Amino acid sequence: MHRDTPARGSIRIDTDVCIGAGQCALAAPGVFTQDDDGFSTLLPGREDGAGDPMVREAARACPVGAIAVPGSDG
């Protein structure tokens, strides 16, 4: 079973919903990557998006809406 990425005020990835499409890693490779099972995960120290302007686009690009960015609609 997968778990949500923790921490209030940080980007959350619902890995129970994630299908491993990789759109987030393509849109914001400085923040997102894929784990050994192909599911999206955050790079260490990037839980807040690290100021990457593409983080919100990465969340919008997720085909299943598995990514939540603080301060956004998703």
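Computation of the quantities below employed the complete heavy-atom set of this structure, encompassing side-chain atoms and omitting hydrogens, waters and symmetry-equivalent molecules. Keep in mind it's a predicted model, so treat the numbers as computed, not measured.
- Remark: the backbone N or O of G45 is paired with a side-chain donor or acceptor of E47 at under 3.5 angstrom.
- Heavy atoms only, all atoms of each residue included: A66 and C62 are closest at N-SG, 3.2 Å.
- Once rounded to the nearest 0.5 Å, the distance linking CE of M54 with CG of L26 reads 10.5 Å.
- The minimum heavy-atom distance between S40 and T15, with the atom names listed, is O-CG2, 3.8 Å.
- To the nearest 0.5 angstrom, L43 atom CG is 9.0 Å from F32 atom CZ.
- Q23 contributes no side-chain N or O that, together with a main-chain N or O of P63, makes up a donor-acceptor pair within less than 3.5 Å.
- Among all heavy-atom pairs drawn from R56 and V69, the shortest one is NH1-CG1, 3.1 Å.
- F39 and C18 get closest at one heavy-atom pair: CE2-O, 3.3 Å.
- When every heavy atom of A59 is checked against every heavy atom of I67, the shortest pair comes out as CB-CG2, 3.8 Å.
- Contact detail for L42 and I11: the closest heavy-atom pair is CD1-O, 3.6 Å.
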